[in-house]
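Down below is the structure, laid out as C-alpha cells.
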Amino acid sequence: MAKAEKLVVEVVAAHNLMPKDGQGSSSAYVEVEFDHQKRRTRSRPKELNPVWNERLVFPVADPDDLPYRAIDVGVYNDRAASGAASARQHGRNFLGKVRVPGAGVPAPGEEVVPQLFTLEKRSLFSHIRGEITLKIYRINSGDVVVKSKPEKPAKAVVPGPEVVAAPTVTGPKKQPQPQHPVVTVQPPPPQPEPPMDVMPQPAPMVMKPAVMHADPYPVPAMFSGPGDFSLKETRPRLGSDKASATYDLVEQVEYLYVRVVRARGVPMVGEAVAEVKLGNYRGVTPAVLSHNWDQVFAFSKETIQSSFVEVYVRARGSDDHVGRVWFDLSEVPHRAPPDSTLAPQWYSMEDSKGQRGGAEVMVAVWFGTQADEAFAEAWHSKTAGVHGNGPLGSIKSKVYVAPKLWYLRVSIIEGQDLFPMDKGALAIGRFPELFVRAQVGNQIMRTRPAPMVSTRAPSSPFWNEDLMFVVAEPFEEFLVLSVEDRVSPGRDELLGRLVVPVSAIERRWDWKPVVSRWFALDRGTGGGNVSGSNAHRFASRRVHLRLSLDGGYHVLDEATAYSSDLQPTAKQLWKPHVGVLELGVLGATGLMPMKTRDGRGATADAYCVAKYGQKWIRTRTVVDSLCPRWNEQYTWEVFDPCTVITVGVFDNCHVDKPASGNTTVAARDNCIGKVRIRLSTLETGRVYTHAYPLLMLHPSGVKKMGELHLAVRFCCGNVGNMFHAYVCPLLPKMHYAEPLLVRQVETLRFQATNVVAARLGRAEPPLGKEVVEYMLDHRSHLWSMRRSKANFFRLVSVLSGPMTIGRWFELVRSWQRPVHSCLAVFTFLVFVTMPELILPTAFLAMAFTGLWRYRVRSRHPPHMEMRLSHADGATADELDEEFDTFPSSRGDVARFRYDRLRSVAGRVQTVVGDIATQGERMQGLLSWRDPRATLLFCIACVLAAVIAYCVPMKVMIGLWGLYAMRPPRFRSRMPSLLMNFFRRLPSRADILL
C-alpha cells in the first residue's frame with residue numbers, strides 16, 4: 001500500500017489581471033480545487049499584480065491515482081473586498097482559470113521550481129488576461145503542518161529585471177531583507193475563511209525573467225481613477241438677463257463689436273484695407289477696390305488691455321495709413337437684443353500728419369454679448385493667427401439644414417420584344433439571361449435574371465421586382481435603366497436604355513400604388529450595330545415600370561435605437577410639435593492635443609457639431625486651446641420625445657492652410673468624441689448642466705479625450721400631446737403597411753449617409769464627410785467582437801432577473817429558510833383558492849415597485865459607458881478587426897471568407913442587440929429613466945388592477961381569446977397601443993460607444 005502524501009499548491013503571485021471592479025483594479029483571490037476539496041487564499045484588494053505567497057495543502061488518499069487527476073485553479077475578483085455599495089452586490093467575478101494535470105507534480109524530495117501559467121477563458125465571451133505563478137509539489141504526510149495565521153503584509157519589489165518576494169518572519173530570527181526598493185501592500189480586513197492547512201514559509205523565491213511572458217494583446221493602462229469616466233454635474237453661471245432670454249443656457253460673455261462699412265474721400269486709387277487695432281490685437285479686412293468692406297470685428301472684453309480702439313485705412317501692401325479714427329471705450333454704448341442694430345455713422349479721419357481732410361469712414365462701435373446678431377459672422381480676436389478667406393470661413397459658427405430625403409421605388413414588372421442582338425442565340429439553344437440595371441447618381445442596383453416561364457416568350461421577360469434608392473431635394477439626378485443580356489461570364493450586352501428625370505416621377509403619401517406605365521427603350525451606347533430586321537425589333541422594345549417617390553416613409557440615416565427624427569418625408573403628414581429642445585454648448589476641458597504648431601507646442605482647434613432632426617449646428621472654432629469656451633445656444637422643435645440628440649467634438653484641420661496651395665489631398669477633421677442624450681430621460685423644464693466624458697476608441701484602446709460641458713433643457717408645450725406620443729407608432733404608417741426588409745434598411749441607410757454627406761459637403765463652410773459619418777455612426781452594423789460581447793452581456797443582464805427568480809424558487813424548495821418557505825406555500829394556496837387575486841396583486845406589486853423606485857431614480861442623463869461598451873477589455877486583435885475596412889485590407893488570401901463571416905456576424909450582432917434592447921425596455925417600465933413612461937405605466941397598472949378585480953378571470957380570458965382569434969377583416973395593420981408604448985421605452989443602445 002502506498003504511503004499517504006499531501007499535495008501542496010503554493011500560490012505565489014499573478015500578473016496583469018483584468019480590472020473588474022469598475023475602478024480600474026481588482027481584488028483578486030485564488031481558489032484551488034482538487035479531488036472535490038476546495039481551498040482559497042486571502043483577497044488582495046485593489047491590485048492587478050497581487051502577491052500571495054500562500055500554501056494550500058490537500059490530503060492525497062492514493063498517490064498512485066494522482067497522475068489521473070487534475071488540479072483546477074481559478075482566480076476571482078472579490079466584490080466585498082472591492083467596496084461594493086450593498087450586500088446585494090457582494091459576490092465574485094471570474095478572472096481566469098488554469099487546469100494542471102497531476103502527472104507532472106514532483107514527488108517528495110524532488111526539486112521544485114515555480115511555473116508560470118497563462119490564465120484561460122471560461123467561455124468565448126470571457127474578458128481574461130494575465131498569468132499566475134504556482135509551485136506545486138508533494139510532501140509526506142508525516143511532515144509538520146501548521147494552521148494558517150494572520151500574516152504581516154508581504155512586500156513586493158517594483159517590477160524590474162527580476163521580481164523577488166520578501167520572506168515572512170517565522171521566528172525570533174529575522175530573515176535578510178531584499179536589497180531593492182519595495183512597495184508595502186496594506187493587509188485586507190479580516191474575513192471568515194474555510195479552514196486550510198498551510199505549510200511554513202520558505203526562503204525567498206526568485207522568479208527569473210526568462211519565464212516571464214508578456215501579454216500577446218496588452219491593453220494600455222489608461223485608467224487613472226474611478227471618476228475619470230464618470231458624468232459630473234457642474235454649476236456654471238448661466239445668463240439670467242431677461243432681455244436675452246434666448247441665451248439663458250450659456251454664460252454671458254461680453255464683446256466689443258466694431259463694424260467697418262465703407263470709406264469715402266480717400267486720396268488714393270487702388271485696393272484698400274481697413275484695420276482695427278485694440279491693444280495687441282489687430283484685425284484686417286480683405287482688400288477691395290470699391291472701399292466697401294462691411295465687416296464686423298469682435299473682441300472679447302476679458303482680453304481688452306487698452307482704453308481705446310483705432311480704425312485705420314491704408315492702401316494694400318502699404319504700412320502708412322491714409323486715415324485714422326479712434327474711440328474711447330468708456331464712451332462706447334451697450335446694446336442687448338431685442339434692441340435694433342446700432343446704425344453706423346460717418347466719422348472724419350486724420351491722415352498720417354494728424355490733419356483732418358475730406359476722408360471719412362462709416363463705423364459702428366458697441367458692447368454686446370454672443371446673443372448679438374453680428375456674433376456669428378464676426379471676425380474674432382482669438383483667431384488673429386488665421387489668415388485667408390478659406391480658413392476664416394471654416395472657423396465660423398453655422399447652422400445647416402440637411403436635405404429632405406425620399407425613397408425612390410422602381411418597380412420593374414416586365415419587358416416586351418427584348419430580342420438578343422445575336423440572331424443565332426436561340427438557334428443554338430442559349431436562352432437570354434435578361435436583367436435590368438438601375439442607376440441614380442452613385443447608387444447602382446440590378447434585378448435578378450428573369451426566370452424562364454413556359455407560358456411566356458423568351459423575349460418578354462417577367463421580373464416583378466422592386467428596387468429602392470435614396471434621393472434628396474432638389475432632385476438633380478436622373479434614373480438610368482438599362483436592359484442587358486448576360487452573354488457570357490463577365491460580358492453583358494446592352495439591349496436598351498431609358499433615362500427618366502427624378503423630378504418628373506410621381507409622388508405618393510400612402511400605400512396606394514401609382515399607375516404603372518410602358519416606357520420605350522432607346523438604343524443608348526454600346527449596343528452594337530443594328531440593321532435590317534433587328535432595327536425593326538428594336539423600335540418596339542419597351543419595359544413596364546411603376547415609378548414613385550414614397551413620402552410616407554421616414555428615410556433612416558441613423559440607427560432606429562438612437563434616431564433623432566422619426567417624421568415621414570412628406571410634410572403634409574407631420575404632426576404638431578410637442579416641445580422645444582434647447583442646448584447650450586458651454587465649452588470643453590482637458591482636451592487631448594491633436595496637433596503641434598511652431599512656437600505654441602501641442603494644441604487643438606476644437607469645434608462642436610450637434611445633430612437633431614434635419615438641423616445640424618456647428619459652433620465656431622476656438623483656435624489654439626485645449627479648454628475652449630464656445631457659449632453658444634441652439635434650439636430645436638421636438639416632434640417625438642423618444643428621440644436622441646448627438647453632440648460631437650472635432651479638431652479643425654483646415655485652419656493651417658498649406659502655403660503651396662496644394663489641395664490634392666483634402667484635410668480631414670479629427671474626431672475627439674461624442675455624446676448622445678435621450679430626450680425622454682429628461683425631466684420637463686429642468687436645466688441639466690453636466691460635464692460629459694469624451695471617450696474615443698482607438699486601435700490602441702479606449703482613451704478619454706476630454707470633457708464636454710453642456711446645458712440641456714427640454715420644454716413641453718402640451719402635456720396631453722406628450723403622453724399621446726407614447727402610444728403612437730414609432731415610425732410612419734408606411735413602415736407597417738409596406739415594410740422594408742432588414743437588408744434593405746441597412747443598404748438604404750448607407751446610401752442616405754452618403755447623400756447627406758455629399759450635400760452638406762457642398763455648404764460653405766463644408767461639413768466634412770468624416771464628420772457626418774461619425775455623427776451618424778455609419779459603421780455600427782459592421783462586425784465587432786467588442787460590440788458583440790457588449791450585446792451578449794446586455795442580454796445576460798436582462799436574463800439575470802428570471803434567473804434570480806429561479807434561484808429564489810430553488811431556495812424555497814430547499815427549505816433552508818423555513819419561514820420563507822412557509823410563507824411561499826401559504827401564498828400559493830391563497831392564489832389557488834382565489835385566482836381572481838393573481839392579476840390585481842401582480843399589477844399592484846409592479847405599480848408600487850415603480851413608485852418605490854421613484855426616490856432612487858437617476859437624477860442625471862445617461863452618458864457613454866466604457867464598461868457597458870466593453871471598451872476597457874478589448875484586445876489589440878479585436879480592435880484591429882473593428883477598425884479594419886470593409887472589404888478587408890488585411891490580405892487577399894482570406895478576404896472573401898473573412899468578409900462573408902463578418903457580414904453574417906454583423907447580422908447576428910444586430911439581432912443580439914435588438915433582443916437586449918427589448919429586454920432593457922421591459923426593465924425601463926419601472927426604472928424611471930423615462931419618467932413620463934413610468935408614470936403612465938404605473939397609472940395603467942392601477943387601472944388594470946381595478947379592472948382585473950372587478951371582471952371575473954374567466955370572462956377576461958374568454959374576451960382575450962376571442963380578441964386574439966378575431967377575423968382578419970377586423971384587424972388593423974397598425975401595431976397596438978401597448979406595442980407602440982413599448983417600442984418608445986428607452987434602452988441602453990443609445991449610450992453604447
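The chain is numbered in sequence order, starting from 1. Quick caveat, the model's predicted, so the values are computed rather than measured. Only heavy atoms go into these numbers, but all of them, side chains included; no hydrogens, no water, no symmetry mates.
Closest heavy-atom contact between Cys642 and Arg678: O-NH1, 3.7 Å. Nearest heavy-atom pair across Val75 and Ala28 is CG1-CB, 4.3 Å. Of all the heavy atoms in Arg676 and Ala989, the pair that sits closest is NH1-O, 4.3 Å. Closest approach of Met722 to Tyr726, counting heavy atoms only: O-CD1, 3.3 Å. Of all non-hydrogen atoms in Leu48 and Ser25, the two that sit nearest each other are CD2-CA, 3.7 Å. Closest heavy-atom contact between Val399 and Lys615: CG1-CE, 3.8 Å.
Rounded to the nearest 0.5 angstrom, Leu776 CG and Leu556 CG are separated by 11.5 Å. Between the CG atom of Leu682 and the CZ atom of Arg929 there is a distance of 10.5 Å, given to the nearest 0.5 Å. The distance from atom CD of Glu233 to atom NE2 of His860, rounded to the nearest 0.5 Å, is 5.0 Å. The distance from atom CG of Leu879 to atom OG of Ser700, rounded to the nearest 0.5 Å, is 8.0 Å. Rounded to the nearest 0.5 angstrom, Asp624 CG and Lys595 NZ are separated by 8.5 Å. Taking CZ from Phe714 and CD from Glu582, the interatomic distance works out to 11.0 Å, rounded to the nearest 0.5 Å.
A side-chain donor-acceptor contact under 3.5 Å links Lys611 to the backbone of Gly613. A donor-acceptor pair under 3.5 Å is absent between the side-chain atoms of Thr369 and the main chain of Gln252, judged by distance alone. Side chain of Thr621 to main chain of Val623: no donor-acceptor pair is present (N/O by atom type, distance under 3.5 Å, no hydrogens or angles). Side chain of Arg779 to main chain of Asp777: no donor-acceptor pair is present (N/O by atom type, distance under 3.5 Å, no hydrogens or angles). Judged by distance alone, the side chain of Glu865 and the main-chain N or O of Ile991 form no donor-acceptor pair under 3.5 Å. Judged purely by atom type and a 3.5 angstrom limit, Arg786 uses its side chain to pair as donor or acceptor with the backbone of Ser869. Without hydrogens or angle criteria, Ser27 side chain to Lys46 main chain gives a donor-acceptor distance under 3.5 Å. A distance-only check finds no donor-acceptor pair linking the side chain of Glu683 to the backbone of Pro931 [under 3.5 Å]. Distance alone, capped at 3.5 Å, places no donor-acceptor pair between the Arg853 side chain and the Gly850 backbone.
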Go through it in stages, so that I can follow the logic: the residues are Leu925 and Met846, the test is side chain to side chain contact (heavy atoms under 4.5 Å, CB included), and I'd like the CA-CA distance, side-chain angles, deciding distance and then a yes or no. CA-CA 9 Å; Leu925 286 172; Met846 286 189 289; over 6 Å; no
So Phe982 and Gln918, side chain to side chain contact (heavy atoms under 4.5 Å, CB included) or not? Walk me through it. CA-CA 8 Å; Phe982 180 76; Gln918 306 308 321; 3.0 Å; yes
Hey, mind stepping through Leu710 and Leu583 against side chain to side chain contact (heavy atoms under 4.5 Å, CB included) and telling me if it holds? CA-CA 7 Å; Leu710 300 176; Leu583 174 68; 4.2 Å; yes
Hey, mind stepping through Lys789 and Met785 against side chain to side chain contact (heavy atoms under 4.5 Å, CB included) and telling me if it holds? CA-CA 6 Å; Lys789 290 180 180 179; Met785 177 63 74; 3.7 Å; yes
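Contact of the His554 side chain with the Ser563 side chain is registered, since non-hydrogen atoms from C-beta on lie closer than 4.5 Å. A heavy-atom distance below 4.5 Å is found between the side chains of Val911 and Ile915. For the pair Cys671 and Met696, the minimum side-chain heavy-atom distance is below 4.5 Å. You'll find the side chain of Met705 stays beyond 4.5 Å of the side chain of Val649, heavy atoms only. By the 4.5 Å heavy-atom criterion applied to side chains, Leu730 and Arg984 are counted as neighbours. Side-chain contact check for Phe723 versus Pro641: every heavy-atom pair is 4.5 Å or farther apart.
By the neighbour-count criterion of 12 heavy atoms within 6.0 Å, atom CZ of Arg237 is sparsely surrounded, having that number or fewer from other residues, nucleotides or ligands. Taking a 6.0 Å sphere around CZ of Phe883, one finds it holds more than 12 heavy atoms contributed by other residues, nucleotides or ligands. Taking a 6.0 Å sphere around NE2 of His698, one finds it holds more than 12 heavy atoms contributed by other residues, nucleotides or ligands.
Every side chain to side chain contact (heavy atoms under 4.5 Å, CB included) that Val675 has, sequence neighbours left out, goes to Ile677, Tyr692, Leu694, Leu708.
A cation-pi arrangement, defined by a distance under 6.0 Å to the six-membered ring centre and an angle within 45 degrees of its axis, is present between Arg618 and Tyr607. Cation-pi contact between Arg686 and Tyr688: present, with separation from the ring centre below 6.0 Å and deviation from the ring axis of at most 45°.
Between His870 and Phe793, the ring planes are parallel. Angles under 30° get that label, and only those over 60° would be called perpendicular.
At a threshold of 4.0 Å, the pair Asp248-Arg713 counts as salt-bridged, since one of the basic side-chain nitrogens sits closer than that to a carboxylate oxygen.
The side-chain contact (heavy atoms from CB on, under 4.5 Å) test with Pro236 singles out one residue from Leu586, Leu249, Val250, and that residue is Leu586.
Between Tyr634 and Tyr612, a ring centre-to-centre spacing not shorter than 6.0 Å is recorded.
Side-chain atoms of Ser784 and Gln909 form no donor-acceptor pair, as typed in the model, at a separation below 3.5 Å. Side-chain atoms of Arg629 and Ser300 include no donor-acceptor pair closer than 3.5 Å. Judged by distance alone, the side chains of Thr646 and Lys674 never bring a donor and an acceptor atom under 3.5 Å apart. Side-chain atoms of Asn93 and Asn77 include a donor-acceptor pair closer than 3.5 Å. Inspection of the Arg787 and Ser780 side chains reveals no N or O donor paired with an N or O acceptor under 3.5 Å.
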